[in-house]
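Before any comments, here is the structure.
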Amino acid sequence: MVEPAPNPLAGAAAGNPMVEPIPGADVTNHKVTTWKGHVDQWRKRAMDRTNAIELRGGNRMPVMGLGTWQLRDDTVQAIETALQLGYRLIDTSGDYGTQQEIGEGIRRSRIERADIFLVTKVEEIDNAYEATRKNLDELRLDHADLVLIHRPPPTGSGESLWRGLLQAKNEGLATDIGVSNYTIELIDELTNATGEAPVVNQIEWSPFGHSEAMLREATRRGVAIQAYSPLTRSRRLDDDTLSHIATRYGKTPAQLVIRWNLQRGTIPLPKANQASHMEENLDVFDFAIDETDMRQLNMLNQHYSSLGTLAYL
């Protein structure tokens, strides 16, 4: 069996804050913990949906969010509902075609902008700086909390794209910048060429398809992993092992998979359009998967991808 990688958020210097409550959430008696590289510590932190991790540069990011790819059924209402239910991270992209509606949903929610973590992306063929400005115009926002290169270009690491995002960051259009679907080698190329590493790599990630090597090497570089399609687009949720373990915890297979992500230290971005599914996906902070079951879930890994292949392998 492959030895699980350490928590990807446990590689910073001891004593730096890791998890703090997200402002604007209806909770009391928050506890601020410190950055320690131990799975049990991560489990404890992940018991509260109002928690956030601290990215390498010091900015905070919620421990889970809402994916919006193909979220086209009453998008405005879906975003408003998600934020009112307690989601504080919204993931979008210029090529999703719904940023105007997402921005409107944010405004209608009446949640303070400072309490929302907004992620958007630029494409590999874009002028990254201009694309960032265009995304913000569509959203009617003055900045994004995180802007990602959606995928690497056909050749090279996308140094010109990265320099465009660096300009956007320097001008306050993006608080942090990162990548999506990148290998560790490409991340290193960007870092070596520009002197600044991504704070996030957003990749397809589930018990059925993940990479211990990616998690381990991201840990060493201080790069957080955001998990898109964490529920395998529902294609593997009927797995017998998954169903059996979920039943013992009184949870659904989807909830078990989201919880698995939290305990691995990755940031799940499940998509949901209906309020009932949004609530189900959030209801994962009242239990912890034990070590034996975590090992069983890790062993489901077949490098499965709902898109065909995991882009970062």
Side-chain angles (χ1 to χ4, degrees), residues 9 19-31 33 42-53 60-71 73-92 102 105-106 108-112 115-119 145-146 202 205-207 224-234 237 242-243 245-289 293-294 297:
L9 301 169
V19 178
E20 299 179 20
I22 301 170
D26 184 21
V27 294
T28 58
N29 297 322
H30 290 302
K31 293 183 179 179
T33 55
W42 176 255
R43 286 179 182 161
K44 185 176 180 180
R45 295 170 183 135
M47 293 302 287
D48 187 345
R49 71 181 183 183
T50 67
N51 279 348
I53 66 167
R60 294 180 300 162
M61 180 173 68
V63 295
M64 70 175 289
L66 181 73
T68 66
W69 180 71
Q70 292 191 340
L71 189 65
D73 185 10
D74 198 359
T75 306
V76 174
Q77 183 61 57
I79 297 301
E80 181 182 2
T81 298
L83 289 168
Q84 290 174 344
L85 287 173
Y87 287 86
R88 289 296 181 268
L89 188 159
I90 304 295
D91 176 71
T92 184
I102 287 171
I106 289 172
R108 289 192 188 182
S109 75
R110 299 187 181 277
I111 302 297
E112 292 291 333
D115 298 340
I116 299 170
F117 193 97
L118 190 282
V119 184
D145 298 278
L146 178 65
Q202 186 183 119
W205 188 274
S206 77
I225 298 295
Q226 286 184 342
Y228 72 75
S229 297
L231 304 182
T232 70
R233 303 187 184 180
S234 299
L237 294 183
L242 198 63
S243 298
I245 295 174
T247 299
R248 287 198 286 103
Y249 288 96
K251 294 293 181 178
T252 66
Q255 289 170 326
L256 187 74
V257 169
I258 292 171
R259 184 70 205 182
W260 173 86
N261 270 279
L262 292 170
Q263 291 184 208
R264 293 306 310 264
T266 55
I267 312 303
L269 305 173
K271 186 186 77 172
N273 192 70
Q274 298 178 15
S276 60
H277 291 160
M278 293 179 189
E279 289 181 291
E280 175 187 336
N281 292 344
L282 275 179
D283 187 20
V284 295
F285 295 94
D286 59 351
F287 78 109
I289 306 170
D293 289 335
M294 284 296 290
L297 293 172

The reported gap from NE2 in H277 to CG in L282 (rounded to nearest 0.5 angstrom) is 13.0 Å
Nearest 0.5 Å, please: how far is CZ in R108 from CD in Q84? 11.0 Å
Does any N or O in the side chain of Q263 come within less than 3.5 Å of the main-chain N or O of A288, such that one atom is a donor and the other an acceptor? no
Give the C-alpha distance, both sets of side-chain angles, the deciding distance and a yes or no for side-chain contact (heavy atoms from CB on, under 4.5 Å) between N273 and M278. CA-CA 7 Å; N273 192 70; M278 293 179 189; 5.6 Å; no
Donor-acceptor contact below 3.5 Å, side chain Q77 vs main chain D74: no
Distance in Å, D115 CG paired with L83 CG, rounded so as to fall on 0.5 Å steps: 10.0 Å
Okay, side chain of R259, backbone of F287: is any donor-acceptor separation there less than 3.5 Å? yes
Side chain T81, main chain A78, donor-acceptor under 3.5 Å: no
Roughly how far, to the nearest 0.5 Å, is CG of L71 from CG of D91? 11.0 Å
All heavy atoms of A82 vs all of L66, minimum pair found to be CB-CD2, 3.7 Å
side-chain contact (heavy atoms from CB on, under 4.5 Å) against D145, all qualifying residues, sequence neighbours excluded: R113, F117, L118, H143, T175
State, with a plain yes or no, whether a side-chain heavy atom of Y87 is found less than 4.5 Å away from one of N281. yes
Which atoms form the tightest heavy-atom contact between S243 and P253, and what is the distance? OG-CG, 4.1 Å
Of all heavy-atom pairs between Q202 and L269, which one has the smallest distance, and what is that distance? NE2-CD1, 3.5 Å
Once you round to the nearest 0.5 Å, how far does OG of S229 lie from CH2 of W205? 14.0 Å
Step by step, would you call I90 with T68 a side-chain contact (heavy atoms from CB on, under 4.5 Å)? CA-CA 8 Å; I90 304 295; T68 66; 4.1 Å; yes
Mind checking side-chain contact (heavy atoms from CB on, under 4.5 Å) for Q70 and listing every partner two or more places apart, or none if nothing turns up? K271
Which atoms form the tightest heavy-atom contact between T232 and S206, and what is the distance? CG2-OG, 3.6 Å
Looking only at side chains, do D293 and Y249 share a donor and an acceptor under 3.5 Å apart? yes
For L297 and L242, the nearest pair of non-hydrogen atoms, with its separation, is CD2-CD1, 3.7 Å
Quick one: closest heavy-atom pair of I267 and M61, and the distance? CG1-CE, 3.7 Å
Please test K251 against D286 for salt bridge (charged side-chain N to carboxylate O under 4.0 Å, His left out), starting from the C-alpha separation and ending with a verdict. CA-CA 10 Å; K251 294 293 181 178; D286 59 351; 2.9 Å; yes
Run F285 and N51 through side-chain contact (heavy atoms from CB on, under 4.5 Å) and show every step you take. CA-CA 11 Å; F285 295 94; N51 279 348; over 6 Å; no
Below 4.5 Å, heavy atoms only, C-beta onward: do V257 and P207 meet side chain to side chain? yes
With P268, which residues qualify under side-chain contact (heavy atoms from CB on, under 4.5 Å), at least two apart? M64, P230, I258, N261, L262, P270
If you measure from CG on L89 to CZ on R60, what distance do you get to the nearest 0.5 Å? 13.0 Å
Which is it for Q226 and T266 under the side-chain contact (heavy atoms from CB on, under 4.5 Å) test, yes or no, and what are the steps along the way? CA-CA 6 Å; Q226 286 184 342; T266 55; over 6 Å; no
Flag the pair E80 / R110 as yes when at least one side-chain heavy-atom distance between them is below 4.5 Å, and no otherwise. no
